[in-house]
**Student:** 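This is the structure, below, for whatever I ask next.
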Protein chains: 2
Amino acid sequence: MSSENGRSPVMADVARLAGVSHQTVSRVLNGHPNVRPETQARVQAAIEQLGYHRNSSARALVTRRTNVLGVVTFDTTLYGPASTLSGIERAAREAGYFVSIVTLTDISRASVREALDYLAEQSVEGCIVIAPQRAAVESLTDVSVARPLVAVEGGRAPGLPVVCVDQVGGARAVTEHLLGLGHRTVHHVAGPMEWLEAEGRVQGWREALEAAGAPIPEPLRGDWSPRSGYEIGLRLAEDPRITAVFVANDQMALGVLRALGEAGIRIPEEVSVAGFDDVPEAEFFTPPLTTVWQNFSDVGRRSIRLLVDQIDRRARKGSAGATETEEDLRDVVPARLVVRASTAPVQLR
Amino acid sequence: MSSENGRSPVMADVARLAGVSHQTVSRVLNGHPNVRPETQARVQAAIEQLGYHRNSSARALVTRRTNVLGVVTFDTTLYGPASTLSGIERAAREAGYFVSIVTLTDISRASVREALDYLAEQSVEGCIVIAPQRAAVESLTDVSVARPLVAVEGGRAPGLPVVCVDQVGGARAVTEHLLGLGHRTVHHVAGPMEWLEAEGRVQGWREALEAAGAPIPEPLRGDWSPRSGYEIGLRLAEDPRITAVFVANDQMALGVLRALGEAGIRIPEEVSVAGFDDVPEAEFFTPPLTTVWQNFSDVGRRSIRLLVDQIDRRARKGSAGATETEEDLRDVVPARLVVRASTAPVQLR
DNA sequence: CTGAAAGCGCTTACAG
DNA sequence: CTGAAAGCGCTTACAG
């Protein structure tokens, strides 16, 4: 695999073996035209014989392109971020980029900046930040960032392209579904205030209630965990006027189902429960959960497209300086209601 | 942030501003001794004033080190791989490495090779393959790999360092727990044959039954999904002799719980059910699931340590050639039984 | 269609 | 303690 003297082969070794100059090897490697077919074949043969791989650092040094994209993400063991990351990675590879990731453990402004600086040291050509918290988004707009950037689930941010799922629309759809079943109103178990997705879902829920002229109860706040859903569920069980609950994610919905179940409340006969995310398990909860599906691979694809567009545009202009203010790019991916057995027409409790 | 003429600043710009040569800047950046404190301060000031970042490609070209590690993983929306990836990423960063990931969609020998070749083009210094399938491991041993490699959940492979959770021990513990509750035997819902983790769990279960002199039923095969657990659960529900089921992961266990529930079978009064993984939801299943916890962040830490050790050893020897056969490194992380409400002493059904 | 030359931005001995 | 020189392995005009 390596050349005779033990080090890995370089372009010059290939050139020598093929009886050409190293520029010709470079041309073959880069698919330039103007190489005689037989020369090309000789070079290819030499490359294979030596097991030659182009040195990516040398190439990056001269082309000023690393072909690396950075992704900053938060807690990849949550279903949403994990699915998004996976979609991003696939789309990036298809676009010819490598993906370097940093997982955040805490979500302060400082830690996001730190992650971006860290990725900058690796000379990434652009970054995607999966940062659904308010603090994260602010940390992105605070400083004029030197290189292309896309926020996923980022909320509205001036000059920062954003790709997000239509949280508001999804929440509205699930709330309307519950109202349509005859429920007088719908209670809401929300995610943490700092999370933009949590706010979007609150907003959609509120809009649907307002449009229907239904009473708007105070939302109860969980932290996305099944445990928080369970604890809130215990409280919900005590109020007999509650007949419908929209929970901001499936994990918390699981906790709510469990708490209501323990209290002897039958679902959906006495209380309807709906979630958000459509995790693979949701279909097998007891009962199977009505929820909202998000197209994460689409989110990945679109965010890579937005990022690569920025990179290409900048490359064409040849400017490494500040970006001129771009129009507010905001790509909203629709959400889809999935109706299962945890929601039903209202009955007396 | 950039130098006057619009391009990003280079070492020479810093040198000029600080009134030193660019070598001195390099020394400061690399923390070399033998730089006068005041020179160092001047250089630091110039670096900050210009917003200078060292060009990583140029550095990698001359040091022959990219500081990038590759991770090949399979379906990061599964709890195990996602948690492992997250542990690896954190440990790598602490060790001063960047992490470049490739997510596999199918798990053929060819796709693993392709992913490794892809990472090789980025000049990663070593790779971790989270590849719990037989085919993946074989693809790693098949070809003598040019650079350091560690397999996670890889089974026994000659010359290939492996970090894995003690699947056999975990499965034995959960089976012994069920036998200890008085069950005559324990049925098993296994994962797919190609998965080494599935096989380890079958083995531990079988060993425990053999040691107890209990009958050994044929394991039923699922595909890790809740749906497959559900379908197998429907069959289990029909056999009244079954009183205890060990399911190879929590997602399938959820499906089993659901199927038994639909059949009117009470858990754990009539049938005990246990899982494996301890996903965050497991505690909130109905009933809360007895399962086995795996320390994924430890797996991440240990696999990075093994990989970095290999890299350092190679760097010291200065050999880029073939690795000499190393002792079979195999780092086994213990698993821990977590008893909850889904398992109970045997009763008549 | 192909080669000789310059240069990308660093680090690493080597002098002093 | 600091600088002049060489070189890492490529690509990119520029000749021919």
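Here is the naming used below: chain letters follow the sequence lines, and residue numbers restart at 1 for every chain. Worth saying up front: this structure is predicted, and the values here are computed from it rather than measured.
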**Student:** Rounded to whole angstrom units, what separation is found between the CD1 atom of A:I47 and the C1' atom of D:dC10?
**Tutor:**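 Nearest whole value for this atom pair: 13 Å.
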
**Student:** Given atom CZ of B:R16 and atom P of D:dT2, what is their separation to the nearest angstrom?
**Tutor:**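 Those two atoms, CZ and P, are 19 Å apart.
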
**Student:** So if I take every side-chain heavy atom of B:V10 and compare against D:dA5, D:dC10, C:dG9, which nucleotide ends up nearest?
**Tutor:**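 The answer is C:dG9.
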
**Student:** Expressed as a whole number of angstroms, how long is the span from B:M11:CE to D:dG7:P?
**Tutor:**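 Value for this atom pair: 20 Å.
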
**Student:** Nearest 0.5 Å, please: how far is CG in A:N30 from OG1 in A:T63?
**Tutor:**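 Answer for the OG1-CG pair, A:T63 versus A:N30, is 9.5 Å.
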
**Student:** To the nearest 0.5 Å, how far apart are CD1 in B:I130 and SG in B:C164?
**Tutor:**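 Separation between the atoms: 13.5 Å.
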
**Student:** Which one, D:dT11, C:dG3, C:dT11, comes nearest to the side chain of A:V62?
**Tutor:**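 Selected nucleotide (nearest to the side chain): D:dT11.
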
**Student:** Compare side-chain N and O positions of B:Y52 against OP1 and OP2 of C:dG9 and report whether any pair is under 4.0 Å apart.
**Tutor:**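 Checking B:Y52 against C:dG9: no side-chain N or O falls below 4.0 Å of OP1 or OP2.
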
**Student:** Under 4.0 Å: is that the gap between some side-chain N or O of A:T24 and OP1 or OP2 of C:dG3?
**Tutor:**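 For A:T24, the contact criterion (side-chain N or O under 4.0 Å from OP1 or OP2 of C:dG3) is met.
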
**Student:** Any heavy-atom pair between the side chains of A:N295 and A:V333 that's under 4.5 Å?
**Tutor:**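 Side chain of A:V333 against side chain of A:N295, heavy atoms only: contact under 4.5 Å found.
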
**Student:** Looking only at side-chain atoms of B:R36, point me to the closest of D:dA5, D:dC1, C:dC10.
**Tutor:**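 Closest nucleotide among those given: D:dC1.
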
**Student:** For A:T39, report the nucleic acid contact type (base, sugar-phosphate, nothing); a contact means any heavy atom under 4.0 Å.
**Tutor:**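 Touches sugar-phosphate only.
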
**Student:** Phosphate oxygens OP1/OP2 of D:dG9: is one of them under 4.0 Å from a side-chain N or O of B:R64?
**Tutor:**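 Looking at the OP1 and OP2 atoms of D:dG9, one of them is under 4.0 Å from a side-chain N or O of B:R64.
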
**Student:** What integer distance in Å separates A:L50:CG from D:dG9:P?
**Tutor:**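 Roughly 14 Å, once rounded to whole Å.
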
**Student:** May I have the distance from A:H22 (atom NE2) to C:dA6 (atom C1'), rounded to whole angstrom?
**Tutor:**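 Distance check: A:H22 NE2 to C:dA6 C1' gives 10 Å.
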
**Student:** Taking the minimum atom-to-atom distance to the side chain of B:N30, which one of C:dC10, C:dT11, D:dC10 wins?
**Tutor:**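 That would be C:dT11.
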
**Student:** Do A:I128 and A:V163 have side-chain heavy atoms sitting under 4.5 Å apart?
**Tutor:**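 A:I128 vs A:V163: side chains apart.
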
**Student:** Tell me which of B:L61 and B:H32 sits closer to the 5' end of DNA chain C, going by the nucleotide each one is nearest to.
**Tutor:**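 This one resolves to B:L61.
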
**Student:** Rounded to the nearest 0.5 Å, what separates atom OG1 in B:T66 from atom CZ in B:F98?
**Tutor:**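 Spacing of OG1 (B:T66) from CZ (B:F98) equals 9.5 Å.
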
**Student:** Taking a pair as Watson-Crick or G-U wobble with both distances under 3.5 Å, which nucleotide is matched to D:dA13?
**Tutor:**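 Result: none.
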
**Student:** Going by distance alone, is a donor N or O of one side chain under 3.5 Å from an acceptor N or O of the other, for A:N55 and B:R64?
**Tutor:**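 Per modelled atom types, A:N55 and B:R64 side chains form no pair under 3.5 Å.
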
**Student:** Is B:R27 touching bases, backbone alone, or none of the nucleic acid, heavy atoms closer than 4.0 Å?
**Tutor:**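 Here B:R27 touches the bases of the nucleic acid.
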
**Student:** Indicate whether OP1 or OP2 belonging to C:dT11 is found under 4.0 Å from a side-chain N or O atom of B:R59.
**Tutor:**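 Looking at the OP1 and OP2 atoms of C:dT11, one of them is under 4.0 Å from a side-chain N or O of B:R59.
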
**Student:** Any strand counts, and the cut-off is 3.5 Å on both contacts for Watson-Crick or G-U wobble. Which nucleotide pairs with D:dA4?
**Tutor:**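 Matched D:dA4 with nothing under the 3.5 Å cut-off.
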
**Student:** Please tell me if A:S26 has a side-chain N or O lying less than 4.0 Å from either OP1 or OP2 of D:dT11.
**Tutor:**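 Yes, within the criterion.
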
**Student:** Write down the distance between CD (A:Q23) and P (D:dA15), rounded to a whole number of angstrom.
**Tutor:**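 It is 15 Å, rounded to the nearest whole Å.
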
**Student:** For B:N55 and D:dG9, give me the distance from atom CG to atom P, rounded to whole Å.
**Tutor:**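 Taking atom P of D:dG9 as the reference, CG of B:N55 is at 17 Å.
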
**Student:** Please check the phosphate of C:dT2 (OP1 and OP2 only) for any side-chain N or O of A:S21 closer than 4.0 Å.
**Tutor:**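 Indeed not, no polar side-chain atom of A:S21 lies that close.
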
**Student:** In whole angstroms, how far is the P atom of D:dG9 from the CD atom of B:Q122?
**Tutor:**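 Result: 19 Å.
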
